[in-house]
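Here is the structure we will look at.
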Amino acid sequence: MEERYDPKKIELKWQNYWAEDNIYKTERDSLRKKFYCLEMFPYPSGEIHMGHVRNYAIGDVIARYKRMRGYNVLHPMGWDAFGMPAENAAIKHGVHPSKWTYMNIDNMKKQLNRMGFSYDWKREVTTCNPEYYKWNQWFFLKMFEKGLAYKKYSYVNWCPSCATVLANEQVIDEKCWRCESVVIQKRLEQWFFRITHYAEELLQGCDELKGWPERVVLMQKNWIGKGEGVEVDFAVEGIEEKLRIFTTRPDTLFGVTFMCLAPEHPLSEKLIKDKDQLDSVKAKYGKEDEKVGLFTGYYAINPLNEDKIPIYVANFVLMEYGTGAIMSVPAHDQRDYEFAKKYDLPIKVVIVPENKSEIMKEAYEDEGILINSGQFSGLRSDIARKEIIKFIENKGYGKSVVNYKLRDWGISRQRYWGTPIPIIYCNKCGIVPVHEKDLPVILPEDVKLTGKGGSPLLESEAFLNTDCPKCGGKAHRETDTMDTFVDSSWYFIRYCFKKGDIYLKSEIQNPESEIKYWMPVDQYIGGVEHAVLHLLYSRFFTRVLRDIGLLNISEPFQNLLTQGMVVKDGAKMSKSKGNVIDPNYLIEEYGADTSRLFSLFAAPPEKDLDWSDKGVEGAYRFLHRLWGIVYRYRDKIENTRDRTNNILNLQPSAAGLCRKTHQTIKKVTTDIEREYHFNTAIAAMMELLNEITSFEPESDSDWAVFRFTIENLLLLLSPFCPHITEEIWVAMGNKPSIFEQKWPEWDEEIAKEEKIELVIQVNGKLRSKLMITPGISEEEIKKMAIEDQKTKEIIGAKAIKKVIVVKGKLVNIVI
RNA sequence: GCCGGAGUGGCGGAAUUGGUAGACGCAAGGGACUUAAAAUCCCUCGUUCCAAAAGAGCGUGCCGGUUCGAGUCCGGCCUCCGGCACCA
């Protein structure tokens with residue numbers, strides 16, 4: 001052991017040792033309980049940032065802690081390697097996305113290893129590897145078979161300048177993230193995954209997510225957006241067709257004064273002869289605030305009261321939700337109200353508030369009593385709703401339906417750097433799936449990336465032209481690639497296997513499968529920005545894979561920890577703001593242990609972490625002091641082989657330190673177990689070090705306590721700061737590795753304080769304190785409190801009304 | 001607009017079921033060591049009154065309530081952050 005704490009030197013030394021010793025490799029072991037600890041894998045941008053450091057430090061502490069608790073821990077890492085930045089780099093610098101990506105992976109892997117994270121690299125996943133994306137294609141085929149993958153026309157975000165489709169995430173304030181052109185909606189034929197098939201199950205499953213943050217579960221519920229209502233058919237005067245609408249408020253059916261169709265509704269095109277006028281409404285479709293409508297000239301008949309009501313086409317009606325047509329009740333819906341005011345349509349009140357009546361300035365959307373509603377007048381609206389539904393269903397006017405806001409997942413991307421969709425188009429046979437034995441459909445390397453738009457795969461003759469698997473005739477391949485969210489929807493399943501080719505087909509219905517052994521993920525850790533997208537897609541995939549027979553569970557992630565952002569000066573770290581802290585600099589300056597310690601100490605994991613250069617110094621000082629004290633007493637410690645636990649024969653100061661050690665073991669353990677409160681766990685270890693510093697050992701038994709305390713502190717600290725603890729552990733004469741040690745245990749008897757402080761309150765105000773022995777009777781405590789000198793002075797001649805004793809804590813005297 | 005979350009010293013944050021508000025760390029001030037600086041160590045550190053100490057008053061966004069006792073529970077607001085948003 002050297003005098004100076006040199007993090008760089010010892011960290012590199014142990015990282016090499018651990019790597020050579022293969023200390024993190026994981027094997028199936030049915031004798032031990034498994035624990036699957038997973039952090040969201042990174043996009044290989046080339047450099048890790050503070051968000052990664054924090055995310056992976058949290059995961060690493062959990063993985064190491066669970067390992068020491070005796071669990072068989074799976075702790076893998078990989079790369080979300082497909083995606084646009086690689087393509088953009090290729091366009092800008094002329095380097096192939098593949099080369100760029102693998103270079104970045106190389107670099108980031110070094111950086112992660114430099115942080116001392118305990119990953120089993122034998123299970124590394126790289127999504128742009130054909131061995132991986134082959135299974136994306138296989139899942140696609142399975143879903144195609146089951147009708148869960150299908151192709152349809154739909155509106156997509158289109159950037160006219162780049163001439164390409166953009167994902168929703170790539171549209172910022174209705175503009176293209178790259179060229180800032182205004183994005184338009186374009187109708188294109190695209191592949192979809194039928195996630196809506198599982199809408200109800202995904203919603204129900206939310207209640208099972210006990211280990212998830214409530215807000216994430218709520219966001220998922222809102223996103224799925226279940227709406228229960230009724231579909232009602234209205235006859236249209238003069239034509240045969242019925243007009244079907246969806247409403248959640250059948251209690252307002254008597255207040256309908258007009259109908260609205262979405263501009264894309266089939267009837268709109270049929271009823272409006274002037275196409276230019278219809279197009280002008282279409283142009284205002286969607287997110288416009290202004291309500292625009294066009295009278296069709298046709299009337300519908302309200303099946304409940306035979307009212308004749310005009311039919312409009314309106315820009316605020318969405319084709320994608322419900323039936324694309326609505327009944328408008330301006331008295332009880334604010335949007336309908338605005339529309340009615342603008343086009344001077346009648347407003348008919350059918351619900352009044354139970355107590356008061358007032359002049360209408362806006363729609364009354366709350367519950368109330370029905371009026372002007374025929375046989376239903378006088379009913380409360382919630383009861384009327386049920387009665388009217390019953391009536392409608394009996395008469396055959398319509399039926400109860402459930403609608404969801406959740407849409408099917410559009411996975412087609414006109415991009416190069418992604419998984420090819422395994423579909424072939426044949427002039428004779430139409431859409432033909434690639435045969436399973438022909439997987440993977442390899443993404444060709446020799447393509448030109450210009451950034452001009454359109455998939456570069458269209459230019460690759462060798463890729464494009466193929467034979468039809470059905471008739472053998474000339475055919476061509478699908479050139480769209482899959483959304484990269486497909487890759488991340490099942491990567492946690494791929495980790496269940498070691499690197500190399502896998503064969504999932506043989507895992508179906510195999511009860512001994514690795515997947516069934518490791519899944520579900522016991523602890524998942526990542527940013528809250530994935531609350532809906534990635535986490536929802538993964539829940540969907542897990543259900544699809546369950547129905548294929550690969551899994552016997554429905555929820556992939558038992559417990560979810562969403563860590564906060566790393567912020568500086570109140571803003572998220574970003575290049576444009578110039579407030580980025582480079583982890584490389586931090587590691588170079590202070591070492592990995594300090595970087596890890598600070599990012600875990602400064603805030604609880606779920607909250608935002610405010611960066612502070614000075615705070616890092618504080619974390620460094622703690623490790624420095626630990627090093628210093630062990631170095632100072634190195635000879636004595638090494639010559640002491642006893643570790644004493646027997647508090648009875650000790651001097652008071654040694655007994656105190658021994659007690660504090662047990663208390664710290666308890667505090668650190670419970671803080672980790674209780675919602676991973678690492679910040680308070682670290683604070684407790686700092687307190688213990690403070691006590692060690694002021695302890696002056698003299699006798700042999702003092703030294704035995706000293707060694708006992710240091711060893712336990714090292715064990716407690718080892719998941720947080722693996723390098724320094726390993727170094728000191730070995731320097732004290734122990735064998736490596738400290739991670740093969742058991743997590744320490746505390747003795748409740750020793751941890752108990754000999755004397756406790758009793759607080760004396762008078763009328764709820766702190767007035768005095770007494771030292772007492774725990775376990776003395778309530779009567780005695782009362783007596784001691786009243787007879788206390790200071791209490792007496794305050795009470796004076798006043799009468800004592802009541803004395804409340806909280807055992808072991810305080811006495812409150814009411815006068 | 002709707003749905004969440006959060007407001008505690010100069011700062012990051014503690015306070016497990018209502019029971020000593022401010023643990024731990026940072027910053028600041030003072031001191032020791034040193035030719036000097038850095039590093040290290042020691043002391044002080046919510047605020048007001050008082051020269052200081054002792055002591056007392058006030059204090060967890062604001063107003064009110066429940067309670068012997070409220071940062072914590074209840075009612076009504078304010079501010080900030082996040083998500084969704086013409087979903088009929």
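Below, chain A is the first sequence line, B the second, and so on; all start at residue 1. Note that the coordinates shown come from a computational prediction; the quantities given were computed from them, not determined experimentally.
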May I ask you to say whether K667(A) pairs ionically with D671(A), meaning some side-chain N is under 4.0 Å from a carboxylate O?
yes
Does K291(A) make a cation-pi contact with F316(A), if we ask for NZ or CZ under 6.0 Å from the ring centre and within 45° of the axis?
yes
rG31(B) and rA37(B), which share atom name P, separated by this distance in whole Å
12 Å
If anything within 90° of 0 is syn and all else is anti, what is rG9(B)?
syn
For a quick check of understanding: with a heavy-atom distance under 4.0 Å over all strands, which category does N403(A) fall into, base, sugar-phosphate or nothing?
nothing
Of K607(A) and R625(A), whose nearest nucleotide on RNA chain B comes first from the 5' end?
K607(A)
Rounding to the closest angstrom, what is the interatomic distance between rU47(B) and rC84(B) at atom P?
43 Å
Counting heavy atoms from C-beta on, name the nucleotide in rA88(B), rG25(B), rA23(B) closest to the side chain of A683(A).
rA23(B)
Would you mind telling me which of rA15(B), rG19(B), rA88(B) lies closest to the side-chain atoms of I804(A)?
rG19(B)
Interatomic distance at P, rG76(B) relative to rA27(B), whole Å:
44 Å
Under 4.0 angstrom, heavy atoms only, what part of the nucleic acid is E617(A) near: base, sugar-phosphate, or nothing?
nothing
Atom-pair distance (OH on Y620(A); P on rC26(B)), nearest Å:
14 Å
With rounding to the closest Å, how many angstrom separate the P atoms on rG25(B) and rU17(B)?
25 Å
With a 3.5 Å limit on both atom pairs, tell me what rC50(B) is paired to, counting Watson-Crick and G-U wobble, or say none.
none
Value in whole Å for how far the P atom of rU16(B) lies from CD1 of I672(A):
19 Å
With rounding to the closest Å, how many angstrom separate the P atoms on rA70(B) and rC58(B)?
12 Å
Assign each of S612(A) and G764(A) the nucleotide of RNA chain B bearing its closest heavy atom; nearer the 5' end lies the nucleotide of S612(A)
Heavy atoms from C-beta onward define the side chain here; which of rA88(B), rA14(B), rC24(B) lies closest to that of P604(A)?
rA14(B)
Identify which nucleotide among rG19(B), rA23(B), rA88(B) has an atom closest to any side-chain atom of E687(A), counting heavy atoms from C-beta outward.
rA23(B)
Euclidean distance, atom CD of residue E320(A) to atom C1' of rA88(B) [Å, nearest integer]
13 Å
Considering just the side-chain nitrogens and oxygens of R767(A), establish if one lies under 4.0 Å of OP1 or OP2 belonging to rA56(B).
yes
Is the phosphate of rA14(B) approached by N679(A) (side-chain N or O, under 4.0 Å from OP1 or OP2)?
yes
Heavy atoms only, 4.0 Å cut-off, all strands: where does F601(A) land among base, sugar-phosphate and nothing?
base
So, does the side chain of E757(A) form a donor-acceptor pair with the base of rU20(B) at under 3.5 Å?
yes
Proximal nucleotide (of rC41(B), rG19(B), rG13(B)) relative to the N812(A) side chain:
rG19(B)
Of all the choices, rA88(B), rG4(B), rG55(B), which nucleotide is nearest to the side chain of K790(A) once you look at every atom?
rG55(B)
Indicate, with a heavy-atom threshold strictly under 4.0 Å, whether R674(A) touches base, sugar-phosphate, or nothing.
base
K809(A) has a side chain; which of rC26(B), rG19(B), rC3(B) sits nearest to it?
rG19(B)
By the 4.0 Å heavy-atom rule, please label G618(A) as base, sugar-phosphate, or nothing.
sugar-phosphate
If you check the A602(A) side chain, which of rC68(B), rG12(B), rU20(B) turns out closest?
rG12(B)
Rounded interatomic separation in angstrom, taking CG from D610(A) and C1' from rC81(B):
14 Å
Is N690(A) close enough to rG25(B) that one of its side-chain N or O atoms is under 4.0 Å from OP1 or OP2 there?
yes
Between rC80(B) and rA28(B) - P atom distance, rounded Å
32 Å
Are any of the side-chain nitrogens in D251(A) or R385(A) under 4.0 Å away from the carboxylate oxygens of its partner?
yes
Heavy-atom donor-acceptor pair, K769(A) side-chain to rU20(B) base, under 3.5 Å
yes
Here's one to test your reading of the geometry: is the NZ or CZ of R634(A) within 45 degrees of the ring axis of Y631(A) and under 6.0 Å from its centre?
yes
Under 4.0 Å between a Lys/Arg side-chain N and an Asp/Glu carboxylate O for R249(A) and E365(A)?
no
Using the P atom as the reference point in each nucleotide, state the distance between rC74(B) and rG82(B) in Å, no decimals.
27 Å
Which nucleotide in the set rA88(B), rA23(B), rG83(B) lies at the smallest distance from any side-chain heavy atom of M219(A)?
rG83(B)
Any side-chain N or O of R621(A) under 4.0 Å from OP1/OP2 of rC26(B)?
yes
Presence of salt bridge, K790(A) and D788(A), under 4.0 angstrom:
no
Salt-bridged, D207(A) to K221(A), with N to O below 4.0 Å?
yes
Work out how far the P atom of rC11(B) is from that of rC50(B), and round it to whole angstrom.
25 Å
Does the structure show a Watson-Crick or G-U wobble partner for rA21(B), both distances under 3.5 Å? Name it, or say none.
none
Would you indicate what V317(A) reaches in the nucleic acid, counting non-hydrogen atoms under 4.0 angstrom: base, sugar-phosphate, or nothing?
base
Considering only heavy side-chain atoms of V814(A), the closest of rG25(B), rU16(B), rC68(B) is rC68(B)
Modelled atom types, side-chain donor and acceptor of Y676(A) and E606(A), under 3.5 Å
no
Within the pair K405(A) and rC3(B), is there a side-chain N or O less than 4.0 Å away from OP1 or OP2?
no
